[in-house]
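In this chain, numbering begins with 1 at the start of the sequence shown.
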Amino acid sequence: MRGSMFDGWRKAFLAVFVPMGLAGLPAAAGAQEAADPPPQALKVGLYVSPPFVVEEDGRFTGMAVELWETIAAELGLRSDYRSVPTLGELVQATVDGEFDIALTNLTITENRAQRMDFTHPWYDAGLRIMVNEDQGTSFSALVAGLRESGHLKAYSWLVFVILTATVLLTLFDRQFDREFPRRWRDGLAESFYSVMSIATSGRSPGRKNLFGWIGRIWQGLWLVCGIAVLAYLTSSVTSVMTTLSLTNQINSVADLPGKAVGVFTGSVTEEYARESGLASRPYRNLDEAVEALIDGGIAAIIADAPVLEYYALRNPDQPVAVVGPIFEPDKYGFGLQHSSDLTRPLTVEIIGAHESGILEELRVKYFGER
């Protein structure tokens, strides 16, 4: 009797609890399989603009990238980088949702803020001007200045007089100087040398006096003419070079009206040039703009001050200089789509980077001590 009762309780226990225990095993395995997958990588758009975004061997670095990666690590975010050729394309692609975040020296403006979100600013900057140090001193610029001032026409008459004087002097010496070269090419060369010596130095190269006191007076008159020609050549070239130097000298924004300036496509500088009535020419990046500046296609480049300063520092072989004070001060931030869930956490992290000194360390790394 007891045995049958025990068997009954045992069967009841196994029927209730064993299935529950067995069911628990697959349930635990299923929980592991249902663990959250790794977060999806954010689509990060980049515009290469050293030293904020630099591309080296297919890898992106720079101040903006380093700051982003520091913040992304704190928030557990992964990044999928893709660069675009112009700043305007970066802004538009972010507005259209192709990118979750825009990284570069992106200026916060009212116009952009109406189309996209910005984080708290992480860098204070402004605009400056880059010029060609050799501008206005080239031979082509000098010739153009002489032509515009009318001196080239006077030079052509001087050339005519010199050639005429060479022929006349050759005929004269062949007639009265027995030691003068008999061959025409030798005689013309000798006479041309004499005329040019008088015209350029005001001195006669030891010509013989064939007519006594009358000849001396004639030689003196030649010297006076030579000195006058030399003085005219010197003064005309000097005045034109001085005028070119004063005309082409650019030291501030006030010197830009009437001159062609280079800007970046879709940048704040493009808007500034348009609103200021400046004759601007857009370029995709700084390298293209500098090439145009050196070739004389533009008189100056307007761009973000730290970008121009960094380029001039890293390219001492280029004949460029950054001039004038900073104007149109602005601030950089990360760009996002409107109402992005990332705006607030990124802003909090950027404020923290300000307070902890991370941003100052990055600034010193890329720009040195103040």
T265 vs T86, test: side-chain hydrogen bond (donor to acceptor under 3.5 Å, both in side chains). Steps then yes/no.
CA-CA 6 Å; T265 303; T86 68; 5.9 Å; no
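Looking at E66 and Y366, their side chains do bring a donor and an acceptor atom within 3.5 Å of each other.
Heavy atoms of other residues, nucleotides or ligands lying less than 6.0 angstrom from CH2 of W157 number 12 at most. The 12-atom threshold is exceeded at CG of D317, counting heavy atoms of other residues, nucleotides or ligands nearer than 6.0 Å. Within 6.0 Å of CG in D295 there are more than 12 heavy atoms belonging to other residues, nucleotides or ligands. For CZ of R59, the number of neighbouring non-hydrogen atoms (other residues, nucleotides, ligands) closer than 6.0 Å is 12 at most.
With rounding to the nearest 0.5 Å, the separation of CG in L188 from CH2 in W184 is 6.5 Å. To the nearest 0.5 angstrom, L127 atom CG is 6.5 Å from T269 atom OG1. With rounding to the nearest 0.5 Å, the separation of CE in M130 from CG in L286 is 5.5 Å.
Legend: salt bridge (Lys or Arg N to Asp or Glu O under 4.0 Å) pairs involving residues 266-288, not counting sequence neighbours, sorted by first then second residue: R284-E288.
Of the possible donor and acceptor atoms, one in the side chain of D117 sits under 3.5 Å from a partner among the backbone N and O of S339. Using modelled atom types, one side-chain atom of R174 and one backbone atom of R182 make a donor-acceptor pair closer than 3.5 Å. D100 places a side-chain N or O within 3.5 Å of a backbone atom of K43 that can act as its donor or acceptor partner. Judged by distance alone, the side chain of S79 and the main-chain N or O of Y81 form no donor-acceptor pair under 3.5 Å.
Every residue two or more places apart in sequence or in another chain was checked for a ring-ring contact (aromatic ring centres under 6.0 Å, His included) with F99, and none qualifies.
Between Y332 and Y123, the ring planes lie parallel to each other; the angle is under 30°, not in the 30° to 60° tilted range. Ring orientation note: the planes of H354 and H120 are nearly perpendicular, at an angle over 60° on the 30°/60° scale.
For R128 and E309, the salt-bridge test passes: some basic side-chain N is under 4.0 Å from an acidic carboxylate O. The pair K331-D124 counts as a salt bridge, with a side-chain nitrogen and a carboxylate oxygen less than 4.0 angstrom apart.
The aromatic ring centroids of Y310 and F52 lie 6.0 Å or more from each other.
For the pair R363 and W122, the cation-pi test (distance below 6.0 Å, angle within 45°) is failed.
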